[in-house]
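Taking it in order: structure first as structure tokens, then the write-up.
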Amino acid sequence: MAKRADRFVIIGAGRVGTAVAHLLEKGGETVAAVASRSDESLQKAQRYVKAGLFTLDVVKAAKSGNVILITTPDDLIEDTCLALSSGGALKKGDRVIHMSGALGLDVLSSAEELGAKTACVHPLQTFADVKGAIKRLPGSVFAVTARDEEMSRWADDLVRKLGGEPVPLAEEHKVLYHIGAVVACNLLVALEHAAELAYQEIGMEESKALKALMPLIEGTVENLKRLGTSGALTGPVARGDIGVLRRHLEFLEREERKNLLRVYVALSLYALDLAEANLSRTRSEEMERLLRKYL
Ligand SMILES: NC(=O)c1ccc[n+]([C@@H]2O[C@H](COP(=O)([O-])OP(=O)(O)OC[C@H]3O[C@@H](n4cnc5c(N)ncnc54)[C@H](OP(=O)(O)O)[C@@H]3O)[C@@H](O)[C@H]2O)c1
């Protein structure tokens with residue numbers, strides 16, 4: 001029997017959903033429908049996607065295809081899937097996918113109960129807008145979580161169609177996987193904000209503080225690419241400069257900058273872990289004792 005052609009439906013015309021629809025069409029795939037919550041997001045999506053149908057009716061949209069990509073905010077994926085299942089939009093053999101890094105397949109269980117196949121396909125990337133997503137989805141690593149071999153292979157093919165590189169991710173590892181992504185991306189931004197605020201305090205204009213830090217940030221990313229984490233680490237901990245470390249810690253404590261002190265100590269302990277191979281045992285133990293006093 002001939003295989004059914006994939007007819008994609010996007011539920012949630014935001015940054016990721018719109019960019020995925022655009023890239024699928026660009027790759028010759030059929031996007032049968034795009035559904036969203038507001039006319040505004042549908043109108044915006046029409047600038048990037050042809051699709052046969054743009055609608056606020058998620059059930060009607062899902063009925064027009066057999067591969068449903070739910071790209072709503074994470075908190076709405078389960079309810080959206082439930083609305084499709086109870087609305088008669090799903091049938092045996094359909095594929096229902098979400099793209100959240102934080103959630104497992106359980107949020108799609110209502111579709112599985114109807115005989116649909118499910119997967120999560122998460123791009124390990126950050127997208128601030130549709131244009132950025134169209135540019136960065138290709139070339140990104142995608143974590144693929146699926147229930148069986150056939151669905152894994154199909155999801156890997158989907159990732160390749162989008163220009164990405166699939167890597168398998170077991171469902172039980174999703175939480176730690178997502179924590180890794182949050183640390184590498186969102187918390188890095190928060191960390192740069194802490195540095196930005198410190199520079200504003202010493203008199204730099206708001207618009208100039210981050211700009212001043214940017215060559216340092218970019219140099220660090222370059223070193224990370226070339227040398228990995230241990231090779232890229234510089235600064236007092238890497239050098240074993242315990243005097244500087246002590247001055248920083250005493251200052252933060254004296255000034256009662258509790259949050260920055262906590263972050264500084266916790267991250268310095270990770271830095272020490274990286275630097276240990278290049279420090280004498282006595283020096284690294286001395287630094288660890290000092291840091292732990294401020295925990
Ligand atoms: N952005 C990233 O960096 C990134 C990276 C990796 C994975 N992801 C994942 O990709 C998924 C989508 O994220 P995003 O950043 O694209 O979110 P987003 O830009 O906020 O888009 C979500 C879209 O869903 C629509 N929506 C909300 N409730 C809906 C409902 N009940 N029915 C139908 N549509 C609804 C919204 O419509 P309105 O605009 O009309 O309200 C919006 O267009 C999430 O699972 C997220 O975890 C995002």
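From a predicted model like this one, the values you see are computed outputs, not experimental measurements. Both counts, for ligands and for their atoms, begin at 1 and track the order of listing.
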Fill in: Pairs involving residues 49-67, ordered by first then second residue, that meet side-chain hydrogen bond (donor to acceptor under 3.5 Å, both in side chains) (sequence neighbours left out)
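Matches after skipping sequence neighbours: none remain.
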Worksheet entry | Pairwise side-chain hydrogen bond (donor to acceptor under 3.5 Å, both in side chains) hits with a residue in residues 130-145, at least two apart |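 Every side-chain hydrogen bond (donor to acceptor under 3.5 Å, both in side chains) pair that includes a residue of residues 130-145, provided the two are not neighbours, is Gln125-Ser140.
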Any atoms of ligand 1 less than 4.0 Å from a non-hydrogen atom of [X]? List them with their elements.
X	answer
Thr71	12 (C), 22 (C), 23 (C), 24 (O)
Thr126	3 (O)
Asp74	44 (C), 45 (O), 46 (C), 47 (O)
Leu76	27 (C), 28 (N)
Ser100	45 (O), 47 (O)
Gln125	3 (O), 5 (C), 6 (C)
Pro123	6 (C)

Can you pull out the closest protein heavy atom to [atom]? Residue, atom name and distance to 0.1 Å, please.
atom	value
atom 32 (N) of ligand 1	Val58 CG1, 3.9 Å
atom 16 (O) of ligand 1	Val16 N, 2.8 Å
atom 31 (N) of ligand 1	Thr80 OG1, 4.2 Å
atom 26 (N) of ligand 1	Arg37 CB, 3.9 Å
atom 37 (O) of ligand 1	Ser36 OG, 3.2 Å
atom 11 (C) of ligand 1	Thr72 O, 3.8 Å
atom 20 (O) of ligand 1	Arg15 NH2, 3.6 Å
atom 4 (C) of ligand 1	Phe127 CD1, 3.7 Å

salt_bridge([X], [Y]) N-O dist < 4.0 Å:
X	Y	value
Arg160	Glu165	no
Asp156	Arg153	no
Arg281	Glu285	yes

Discussion item. Below 4.0 Å from ligand 1: does a non-hydrogen atom of Met99 turn up there or not?
Written reply: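 Yes, that is the case, since the closest heavy atom of the residue is under 4.0 Å from the ligand.
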Worksheet item: Does His98 come within less than 4.0 angstrom of ligand 1, counting non-hydrogen atoms of the residue?
Response: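 It does not; every heavy atom stays at 4.0 Å or beyond.
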Practice prompt. Working to the nearest 0.5 Å, report the span between OG of Ser207 and CD of Glu196.
Written response: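 One gets 10.0 Å once the value is rounded to the nearest 0.5 Å.
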Worksheet entry | Straight-line distance of Cys81 SG to Glu112 CD, nearest 0.5 Å |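 If I round to the nearest 0.5 Å, the distance is 8.5 Å.
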Discussion item. Show, in sequence, the C-alpha distance, side-chain angles and deciding distance for Glu171 and Arg147, and conclude whether the salt bridge (Lys or Arg N to Asp or Glu O under 4.0 Å) test is met.
Written reply: CA-CA 9 Å; Glu171 191 156 25; Arg147 293 257 189 246; 3.2 Å; yes
Item to complete: Please check if the distance between the ring centroids of Phe142 and His122 is under 6.0 Å.
Response: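 Centroid separation for Phe142 and His122: 6.0 Å or greater.
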Practice prompt. For ligand 1, indicate whether the residue His122 contacts it via side chain, backbone, both or neither (heavy-atom separation under 4.0 Å).
Written response: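 The answer is the side chain.
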Worksheet item: What are the two closest non-hydrogen atoms of Ala238 and Leu233, and how far apart are they?
Response: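 Closest approach of Ala238 to Leu233: CB-O, 3.7 Å.
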Worksheet entry | Heavy-atom closest pair, residues Ala61 and Leu53 |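 Where Ala61 meets Leu53 most closely, the heavy atoms are CA-CD2, 4.2 Å.
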Worksheet item: What do you reckon, does Ala35 have a nitrogen or oxygen under 3.5 Å from a nitrogen or oxygen of ligand 1?
Response: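 N/O-N/O distance under 3.5 Å: no.
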Fill in: Short N or O distance, Ser41 and ligand 1, threshold 3.5 Å exclusive
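Yes, Ser41 has an N/O under 3.5 Å of an N/O on ligand 1.
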Worksheet item: Among Ser38, Gly12, Ala13, which residue places a heavy atom closest to atom 40 (O) of ligand 1?
Response: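 Answer by nearest heavy atom: Ser38.
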Item to complete: Name the option, out of Gly14, Gly132, Gly101, that contains the heavy atom nearest to atom 42 (C) of ligand 1.
Response: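 Nearest heavy atom to atom 42 (C) of ligand 1 lies in Gly14.
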Item to complete: Apply salt bridge (Lys or Arg N to Asp or Glu O under 4.0 Å) to the pair Glu286 and Arg289, showing each step before the final yes or no.
Response: CA-CA 5 Å; Glu286 209 182 337; Arg289 266 197 307 279; 5.8 Å; no
Discussion item. If you count every heavy atom of other residues, nucleotides or ligands that lies below 6.0 Å from Asp157 atom CG, does the total exceed 12?
Written reply: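 Counting neighbours around CG of Asp157, more than 12 heavy atoms of other residues, nucleotides or ligands fall under 6.0 Å, so yes.
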